[in-house]
Amino acid sequence: MTARVVSPARGPLVGEVRPPGDKSISHRALLLGAVAHGTTVARGLLDAADVRSTAACLRALGVDLRWTGGEAVVTGGDLRRPEGPLDCGNSGTTMRLLTGLLAGRPLVATLVGDASLLRRPMRRVADPLRRMGATVDLSPDGTAPVHVRGGALTGIDFEAPLASAQVKSAVLLAGLSARGTTRVREPSRSRDHTERLLRAMGVRLEEADGWLVLPGGQRPRARELDVPADPSSAAFLLAAGLLVPGSRVAARGVTVNPTRVGLVEALAAMRAEVACEPEGDDVEPTATLRVTPPAGDLQAATLAGGLVVRAIDEVPVLALLAAFACGTTAIRDAAELRHKESDRLALVAAGLRLLGVDVTEHPDGLDVVGDPDRVLRGGVTLATGGDHRLAMTFGVAALRADGPVTLDDGACVAVSYPGFWEDLATLQGG
Ligand code: S3P
């Protein structure tokens with residue numbers, strides 16, 4: 001844990017940044033590449049701790065994976081039994097998707113992770129995979145270590161109890177090697193990167209009556225892929241651009257996949273426009289996103305339902321923005337945030353309170369009392385829980401404080417955005 005002191009902004013933030021590659025898509029490119037026919041080339045892959053965890057696990061499974069600069073070259077083939085436990089680090093996506101991928105392969109593996117990952121719920125993936133015929137053992141609390149004994153699977157109809165792209169993806173990845181058809185339906189549409197990439201790699205995956213329908217016994221075909229920039233990383237730069245008067249900030253090359261742009265929708269509800277200039281559309285639509293602080297005040301809004309699913313990783317920074325809105329913002333249907341890399345609702349509430357914001361915590365959300373003219377309290381030390389997205393949220397908050405703010409861990413941004421502090425400094429002309 002390395003503490004970091006962040007100073008208030010001395011002037012506007014101005015400039016264009018290309019945030020790093022999308023984390024979700026980077027994991028999927030490696031995982032699908034590992035079982036595809038042929039050699040997959042993924043450019044612009046996120047070089048950060050979480051994706052490195054996926055790469056290391058795949059290598060331990062015998063995958064030929066070369067990764068230099070921003071380009072990964074993965075040759076698909078049979079996975080072999082790993083010699084030791086597969087270390088997923090801090091990455092829930094690695095653990096859940098890999099469990100799904102292994103469930104239908106003839107090998108035994110144990111998946112472990114860091115202290116945060118060992119606390120996160122895994123029954124949500126174990127249950128449907130067991131129904132498909134895999135043996136998946138967890139701790140009595142339903143957490144990792146995850147012991148998977150893969151084998152012959154049978155397709156199931158899976159009505160997911162919660163909207164989770166990780167759970168949906170685990171079942172689809174298992175369904176690739178199942179006998180018969182796997183169908184998945186979720187209560188609200190979570191990010192669809194797995195579906196897009198499967199189709200782009202030649203896999204037949206249809207949609208009917210709200211069900212995803214995947215005939216089993218399919219193998220993806222390798223391809224070249226450009227990984228777009230991550231909107232969840234862009235969110236922190238855009239929030240900084242909205243909060244610091246006079247700023248003009250743009251994030252280039254970002255995926256604007258409709259299942260990922262909850263931030264833009266939420267900001268529109270709060271009367272802050274994000275200008276979206278389309279760039280391309282290959283597997284994922286991409287755009288440059290531009291912000292300037294809104295002419296009028298930000299307005300409080302209710303952020304709930306499917307919008308929260310589409311902005312699931314942006315809720316902490318939206319709570320910060322809400323602290324500068326006119327009125328009280330209600331965030332609801334966000335109980336899942338208690339099961340992320342930290343209990344994000346509790347830690348955001350605690351951090352914002354220390355900064356002087358009136359926040360009420362609910363089991364599934366927060367009420368944040370806004371004030372457009374507020375100045376946050378500097379001189380405080382905020383607990384990040386080692387959670388990358390909280391460190392970045394509080395780092396942006398510091399820009400509007402009356403003195404330096406200390407984060408107990410500034411280095412954890414390396415999980416998803418290793419160059420975050422440098423990019424923030426560049427926008428500040430530093
Ligand atoms: C992810 C899905 C989301 C998200 C996480 C990445 C993915 O998690 O919060 O950062 O890549 O599928 P859940 O599926 O648990 O909602």
Side-chain angles (χ1 to χ4, degrees), residues 6 8-9 11-14 231 234-251 261-276 289-308 310-334 337 344-362 364-378 380 382 389-390 392-403 405 427:
V6 188
L13 275 65
V14 180
F236 300 105
L237 307 176
L238 299 174
L242 287 168
L243 287 181
V244 178
S247 295
R248 275 178 291 122
V249 171
V261 290
L263 175 85
V264 176
E265 292 174 56
L267 288 174
M270 296 172 78
R271 302 274 195 280
E273 286 305 322
V274 180
C276 177
L289 299 177
R290 255 176 231 288
V291 293
T292 52
D297 292 332
L298 282 174
Q299 297 297 316
T302 297
L303 309 177
L307 173 58
V308 167
R310 293 188 291 280
I312 190 72
D313 294 333
E314 288 70 73
V315 172
V317 80
L318 281 167
L320 169 67
L321 288 161
F324 292 89
C326 223
T328 299
T329 292
I331 298 170
R332 293 290 183 278
D333 305 323
L337 262 76
R344 287 185 175 158
L345 292 180
L347 287 183
V348 166
L352 288 180
R353 278 192 203 117
L354 273 177
L355 291 163
V357 183
D358 185 358
V359 184
T360 309
E361 207 180 317
H362 297 272
D364 71 335
L366 302 172
D367 288 336
V368 182
V369 180
D371 173 1
D373 301 319
R374 107 167 41 249
V375 179
L376 296 174
R377 193 189 295 139
V380 295
L382 303 180
R389 300 207 196 279
L390 294 188
M392 290 187 269
T393 298
F394 295 148
V396 174
L399 302 175
R400 286 281 302 256
D402 60 9
V405 169
L427 291 174

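- Going from atom CG of L298 over to atom OG1 of T329 covers 8.5 Å, rounded to the nearest 0.5 Å.
- With sequence neighbours left out, the side-chain contact (heavy atoms from CB on, under 4.5 Å) criterion links A250 to E16, T288, R290.
- Residue R248 qualifies as open at atom CZ: its count of foreign heavy atoms under 6.0 Å is 12 or below.
- Counting heavy atoms from C-beta outward, L390 and V348 have side chains that approach closer than 4.5 Å.
- D402 places a side-chain N or O within 3.5 Å of a backbone atom of G378 that can act as its donor or acceptor partner.
- For residues 310-326, every residue pair satisfying the side chain to side chain donor-acceptor pair (under 3.5 Å) rule, not counting sequence neighbours, is listed here: R191-D313, S232-E314, E265-R310.
- Interatomic distance, CD1 of I331 versus OG1 of T302, reported as 10.0 Å (0.5 Å rounding).
- Residue L376 holds its CG atom at 11.0 Å from CZ of F394, rounded to the nearest 0.5 Å.
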Test V14 against V249 for side chain to side chain contact (heavy atoms under 4.5 Å, CB included), laying out the working first. CA-CA 5 Å; V14 180; V249 171; over 6 Å; no
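- Within the structure, side chain to side chain donor-acceptor pair (under 3.5 Å) pairs that include any residue of residues 351-361 comprise R338-E361 (at least two apart or interchain).
- Here the CG-CG distance, from L320 to L243, works out to 5.5 Å after rounding to the nearest 0.5 Å.
- D297 and R271 make their closest contact through O-CB, 4.4 Å (heavy atoms, listed as atom of the first residue, atom of the second, distance).
- At distances below 3.5 Å, at least one donor-acceptor pair connects side-chain atoms of R377 with backbone N or O atoms of L354.
- Taken from CE in M270 to CD in Q299, the straight-line distance is 9.0 Å, to the nearest 0.5 Å.
- Side chains of P294 and L242 form a contact here, defined as non-hydrogen atoms less than 4.5 Å apart.
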Can you list the steps and then say if D367 with V359 is a side chain to side chain contact (heavy atoms under 4.5 Å, CB included)? CA-CA 6 Å; D367 288 336; V359 184; over 6 Å; no
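- For the pair S247 and P293, the tightest heavy-atom approach, listed with the atom from each and the gap, is O-CD, 3.3 Å.
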One pair to check against side chain to side chain contact (heavy atoms under 4.5 Å, CB included): V369 and V357. What are the steps and the verdict? CA-CA 7 Å; V369 180; V357 183; 5.6 Å; no
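- Taking each heavy atom of V317 and A239 in turn, the nearest pair found is CG2-CB, 3.6 Å.
- Atom CZ of R400 and atom CZ of F324 lie 4.5 Å apart (nearest 0.5 Å).
- Pairing each heavy atom of A349 with each of L366, the nearest pair is CB-CD2, 4.0 Å.
- Inter-residue side-chain proximity for L321 and V368 is flagged as unmet; no heavy-atom pair is nearer than 4.5 Å.
- The two residues D364 and L345 have their closest heavy-atom pair at C-CD1, 3.9 Å.
- When all heavy atoms of R389 and F236 are compared, the pair lying nearest together is O-CE2, 3.6 Å.
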